[in-house]
Amino acid sequence: MCGIVGYTGPKEAYPIVITGLKRLEYRGYDSTGVALLNDGLKVYKKKGRVAELEEAIIGKDLHSSTGIGHTRWATHGEPSDINAHPHISASGKLAMIHNGIIENYAQLKKELTNKGYKFTSETDTEVLLNFIEDIQENNQCDLLEAVRVALKRVTGAYVILLLNSATPDTIIAARKGSPLVIGVGKGEHFLGSDASPMLEYTKEVVYVNDYELAIVRPNELILKNLGNEKITPFVTKLDMELAEIEKGGYDHFMLKEIFEQPSTIHDCLRGRLDATAGTITMSGIQDNIEHFKNAKRIIIVACGTSWHAALLAEYIIEELCRIPVEVEYASEFRYRNPIINKGDIIVAISQSGETADTLVAIERAKENGAIIFGIVNVVGSSIARISNGGAYTHAGPEIGVASTKAFTGQLTVIAMMALKIAKEKNTISEERYRNLLLELEAVPEKVAAILKSAEDIKAIALKYKDAADALYLGRGYNFPIALEGALKLKEISYIHAEGYPAAEMKHGPIALVDENLPVVFIATKDSYHEKIVSNIQEIKARKGKVIAVVTEGDDIIPGMADDVFYVPAADEIIAPMLSTIPIQLLSYYVGIAKGVDVDKPRNLAKSVTVE
Ligand code: M6R
């Protein structure tokens, strides 16, 4: 969490930094700040959004050709002007921004306090900054050396950018566990948590690795490791356009991303699935096919929406490939001493590829000899790079905090992956295989058809916007979609919602049902249809309001439900990719009706880079 931006070169730094911060605001948005170097350090910071800072500093001296900026998701200390970054060192000579958590900051703070340091904020960042300055003063060394020495004592995660008033064109940067991209321009360099702040200036970027430090000047980029050895920067070409990170006429990124799904799913399938030839081409799977075929089990680790995709993967892979699958919350997996054997396959699913819990979970598993397979959206992200093999979801930048198109991208990859392994393992009949390829191929068109009913979904959403709670129920392949529906509603409408297996609700949640409780059933035509009809009866008998996602042509559930969303018929393995669409739109329209900033809901951040 937190977004960081930096620039050094011949241009004015402030406009680049502030525009970059707006693009990175999805990473955290409770306070904002910039530090500019020009005849000394100028720091402007404020609680609130980037636009509020921008407004507040109109007319100030913003002239500078080297600057850094930060948009914060609070960890240590509440959102406030004082806790906002950048922080200034005790001498006033250094300014620093930080994304991550310094876990041993309390110990460092104690040591510094004993030496007479005073702190103005409650942040771990201010502690690290003064720790660096203290080392520099004691060792009489340059700033890079002080940073290097300091970071060797630090535990936790960080990306830091530092300005030093003594070296006006230089930014010192370092990373461990949080992302840092450096854009290489002509006589200029850009820094960012992702590449979005530099897109219009350069397509050449360097992804900085953990335990690397950078000295960034307009004409020079020096990379070193913590052992002070030089590293040759590896420059890669960005495959991203500015239009992809703009709203493109939509009111919100979330809505744009929901509506992009026919094309993002198509992009995910393109070049991989050929239903006519009966082939799936996925080099990440092919390269590891013997491991997959012989796997005694697959463990999938993920968080949030990606965890819901993982749960659906369990159902699909076990059904089609007959390989046992375990699905783990990354945050639990990383701490609970799981049994990992050499050669075990660990699949990590992550939109951002930067989620701290998922990243550390696979790092641990890799150390124990596991093979890591990443299903990731952000190209070049940490999880993608640490994985032994993988498949990108190709959904393009997802900026709305609520994950939508990345989720359907994950489901698309999972379906292709399961089909490919099943075919290689011979655990699927040729007829079913061919049929599922055709079904997958048809998904973009079916999603487009569902999106045409957005206005109807909006009208239904308005009926339920004042609900205090909601229950989402599904069985089988639709159970993960029930969980996902509940997560989506709570994060962008602040309505308390729970997802449950439909049959499980009679073991407790049914006590909540009365005439005020909307119960959303994900009830497409599948092998559980009759069973879920009974579950709907049970809710109706207790006067609950039933909203049902059903398959077109269903002549039973529409007669029982208060409101219905229709999706085209599909194989039950594929149907969740369709039933999730009305659920996304329902949450979106409820959130909007309640006046929530759906792209940046309270307390959340897009990329959770702290544990
Ligand atoms: O980037 P990741 O997929 O690893 O992120 C995992 C979760 O933080 C994420 O899915 C989160 O739950 C979303 N806000 C859900 O919409």
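In listed order, ligands and their atoms are each counted from 1. Values below: every heavy atom of this structure, side chains too, minus hydrogens, waters and symmetry copies.
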Only residue of Lys256, Gln261, Glu260 satisfying side chain to side chain contact (heavy atoms under 4.5 Å, CB included) with Ile258 is Gln261
Taking salt bridge (charged side-chain N to carboxylate O under 4.0 Å, His left out) as the test, write out the residues that go with Glu398, two or more places apart. Lys606
Within the 4.0 Å heavy-atom cut-off around ligand 1, the contacting residues, ordered by chain and number, are Cys303, Gly304, Thr305, Ser306, Ser350, Gln351, Ser352, Thr355, Val401, Ala402, Ser403, Leu487, Lys488, Glu491, Val608
Exercise: identify the closest heavy-atom pair between Ala348 and Ile362: CB-CG2, 3.6 Å
Once ring pair (Phe, Tyr, Trp, His ring centres under 6.0 Å) is applied, do any residues pair with Tyr494, and if so which ones, sequence neighbours excluded? none
For the residue pair Tyr588 and His252, does the interplanar ring angle fall in the parallel (under 30°), tilted (30 to 60°) or perpendicular (over 60°) class? perpendicular
Partner set under ring pair (Phe, Tyr, Trp, His ring centres under 6.0 Å) for His76, not counting sequence neighbours: Tyr105
